[in-house]
Amino acid sequence: MRVPDKPSLDGLELRWGERWEADGVYRFDRSKTREQIYAIDSPPPTVSGSLHVGSVMSYTHTDLVARFQRMRGLEVFYPMGWDDNGLATERRVQNFFGVRCDPSLPYDDGFDVASVGGGDDPVGISRRNFIELCDRLTGEDEKAFEALFRRLGLSVDWTHLYTTIGERSRRISQRSFLRLAQRDLAYTAEAPTMWDVDFRTAVAQAEIEDREREGRYHVVVFDREDGGTVEIETSRPELIPACVALVAHPSDARFASLVGSEVLTPLFRVPIPVVAHPLADPEKGTGIAMICTFGDVTDVTWWRELGLPMRVVIEKDGRIGSREFGKPGWESRDVRAANAAMRELSGSTVNQARRRIAELLRDAGKLVGEPTAVRHTVKFYENGDRPLEVVASRQWFVSTLEFRDRLLARGEELAWHPAYMGARYRSWVENLNADWCISRQRFFGVPFPVWYPLDADGRPAYDRPILADESHLPIDPQEDVPPGYAPEQRGEPGGFVGDPDVMDTWATSSLTPQIAARWEDDPDLFARLFPMDLRPQAHDIIRTWLFYTVFRADLQHDSLPWTNAAISGFVLDPDRKKMSKSKGNVVTPMELLESHSADAVRYWAASARLGVDAAFEEQQIKVGRRLAIKVLNASKFALSNETPPGEILEPLDLGMLRALRSVVDEATEAFEAYDYARALERTEAFFWWFCDDYVELVKGRAYRSPADEGSRSARAALHLALDVLQRLLAPVLPYAAEE
RNA sequence: GGGCGCGUAGCUCAGUGGGAGAGCGCUUGCUUCACACGCAAGAGGUCGCAGGUUCAAGACCUGCCGCGCCCACCA
């Protein structure tokens, strides 16, 4: 045994990191059975830059549990993944290399990105070439991520690494999709969906957030057939050309006589019916509202349930398109005026159109008073800058609404840590209002393993998709050819065309348990791991990652994907604001580890309970550093006397050990309840008492003659207590404990 | 509008019906043979407010105030 003269934390991470790797101490032993295994569904961090100090905290939380379960004798399956599938990566690669993905181009296996000049316009390349570039760039980030996680001391088995754009993820994602399609749970439909006009893609309900915005209420006059008028209030007058009806509540006496009659829209003079529907709120506006295709999701409900026609004026780029009145579906009592008004709006953004139509209405005497300013909530894509529009387009959906009740039951079945986080899941599931739209009009993602036959005129038969053969996955329908067709038939009448879209990134990451456990690629391994024990994650993605993963497992395996969910909070800066790069208060994780040591940073992370947002406190990290150093020094004292210890007989020694035993019990109980912070708190309090009181009390006795019984008892007690304390602290301070 | 969480020392936070606590920071003293990244002593609190239950409330119940978050059909 060699005890250093002056113990230090410096260099411990590198030394023990290498040793752990060489010895394979965290390598998963797949010969173990399900009962002997503790399986973790690690969150794959998004690869589009660098990791945040918040990630350091939450990944440490997972590692605390992993190390505890391993020390309790379970074989821990602790993989890692990189989430490099998605819009964030796509944008980064585009900007970095000056390229643009064009899925219609064929793969160029001799493509050299160096040949892409510094031209102004991005160079179009095939999807496969684009993915290869994504792989290349994300590879760099992923190396940095791994270095950070290794230094932090995450006891991950790095041989179980996956990427969400990798071949295995694409295969499993496509396989799962095909199974859903075969059961008609995944279906394609032309339907109104939420649409981001900047990214030009459909988005799902889960990616939508409300933001408060300034708006203006306009009171607008519609003409009745009998010569009277009716006034409605709207914040979106630019949708008047898309208006298909007025709606009032069935029991609203004020409008009862109007229901069933027709009115004319202002400016466009389009005859529309007045209808009744219980969703119309007599308290709002003037009590009667216009229904447009489509201003919001209520419009969609009204349109569907009342069987109204569709008159769309907003294009996918968010501008008002040109429309010709007088044609079928665009009838008008004054075609000339309608087209004149339409020309005023065509080509402008909704904001421009809103101002312009207000002027037109005013000039026509159809605006009552002036628009009044109001703050109201508007739906945005979570990464978007402009309000979402509702656009009718062909998309793939997964049936969700019909499973609401069983998904609620799954939420009850899952053990949430802390328990109250289950309420967020519940309120989300209770309020689901649409099937999951899983197609995205983007490029860097998992393609749909689907083609469509072309009819004699070259039109795709979307109602007869050709599903890929499962044995050939993953496939890219832009390159691969469906069974029974020749490559030359691509795009030709009577031939086929590949589905151009990619899946929602959550459609793949909702399968992380299946990907990590190699569903159907390795049935033996899967049976040993699934359902898993733990999903660790932060609270902001309960309605996405957690919800979708529960959903997929329920559909595919009729079970929960895991039994426990451990929900971490966020890291806030000391002013209690959310840390953000723009405020310049971000500390890079690697710098933290280098200046304070990994154990010190882990200590700070371990003091933050699950579910609670934690303040970033450098002071707390320093406290952790002192604790780690104290462990080294106390251990040095206990180990420096090399004479053999004896039997523990002294009442003081026995009393100390009795107290330590109850600390072990408490810490174990806390850890089993995922309350690592309490385990640390109890252990730490005991440890400082042990150092300051017990050690000082027995020091003199320990220094007596080696043969002295009291001295032997003291030394034996010190050895035993230090051994136990090191193990109690090992999940939090693995480096100091290992040293 | 519905729901969840949180208000305890200057700061960060424990607190499981009976004694108001820890760490940091602050003050004072100490080169004691594991550790000055240490040790010892000390100052510092109407436990958000108001009722109620109880022999006893920081804790349990009700209402209110404040902060944060989640959800909701945006006329």
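Residue numbers start from 1 in every chain, and the chains themselves are labelled A, B, ... in the order their sequence lines are given, proteins ahead of strands.
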Please verify the inter-ring angle class for [X] with [Y]; under 30° counts as parallel, over 60° as perpendicular, anything in between as tilted.
X        : Y        : value
A:Phe686 : A:Trp689 : tilted
A:Phe616 : A:Trp604 : perpendicular
A:Trp428 : A:Phe547 : perpendicular

> Using a heavy-atom distance cut-off of less than 4.0 Å, which residues of residues 282-293 of chain A contact RNA chain B?
Replying inline: A:Lys284, A:Ala289
>> Let's see if you get this right: which residues in residues 367-384 of chain A place a heavy atom under 4.0 Å from RNA chain B?
In response: A:His376, A:Thr377, A:Val378, A:Lys379
Indicate whether OP1 or OP2 belonging to [N] is found under 4.0 Å from a side-chain N or O atom of [X].
X        : N     : answer
A:Asn633 : B:G38 : no
A:Gln205 : B:C71 : no
A:Lys630 : B:C39 : yes
A:Arg626 : B:C35 : no

If I pick the [atom1] atom on [M] and the same atom on [N], what distance separates them, to the nearest angstrom?
N     : M     : atom1 : result
B:G23 : B:G18 : C1'   : 26 Å
B:U28 : B:G48 : P     : 33 Å
B:G58 : B:U46 : P     : 14 Å
B:U53 : B:G10 : P     : 33 Å
B:G45 : B:C39 : P     : 26 Å
B:A40 : B:U31 : C1'   : 15 Å
B:U12 : B:G51 : C1'   : 32 Å
B:G19 : B:A59 : P     : 13 Å

> Quick one: on RNA chain B, does A:Tyr420 or A:Tyr603 contact a more 5' nucleotide (nearest heavy atom)?
Replying inline: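 Result of the comparison: A:Tyr420.
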> Between A:Ser607 and A:Ile629, who's closer to the 5' end of RNA chain B by nearest nucleotide?
Replying inline: A:Ser607
>> Using only atom types and a distance under 3.5 Å, with no angle test, would you say the side chain of A:Arg535 pairs donor to acceptor with the backbone of A:Ala565?
In response: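 Answer holds: no.
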> Has the side chain of A:His417 got a donor or acceptor atom that lies under 3.5 Å from a matching backbone atom of A:Tyr674?
Replying inline: no
> How many Å lie between CG on A:Asp693 and C1' on B:A22, as a whole number?
Replying inline: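 So the CG-C1' distance, A:Asp693 to B:A22, works out to 15 Å.
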> How many Å lie between CD1 on A:Ile208 and C1' on B:C73, as a whole number?
Replying inline: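 A:Ile208 atom CD1 is separated from B:C73 atom C1' by 13 Å.
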Listing time: all N or O pairs from protein to nucleotides 66-70 of chain B that are below 3.5 Å?
from  : atom 1 : to       : atom 2 : distance (Å)
B:C69 : O2'    : A:Arg424 : NH1    : 3.2
B:C69 : O2'    : A:Arg424 : NH2    : 2.8

> Between atom CG of A:Asp223 and atom CD of A:Glu262, what is the distance when rounded to the nearest 0.5 Å?
Replying inline: 13.0 Å
> Base, sugar-phosphate, or nothing for A:Asp299, non-hydrogen atoms under 4.0 angstrom?
Replying inline: nothing
> Looking across every strand, which nucleic acid part, if any, lies under 4.0 Å from A:Trp688 by heavy atom: base, sugar-phosphate, or nothing?
Replying inline: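 Result for A:Trp688 = sugar-phosphate.
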> If you draw a 6.0 Å radius around CD in A:Glu669, do more than 12 non-hydrogen atoms from other residues or ligands fall strictly inside?
Replying inline: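 No, CD of A:Glu669 has 12 or fewer neighbouring heavy atoms, counting only those of other groups under 6.0 Å.
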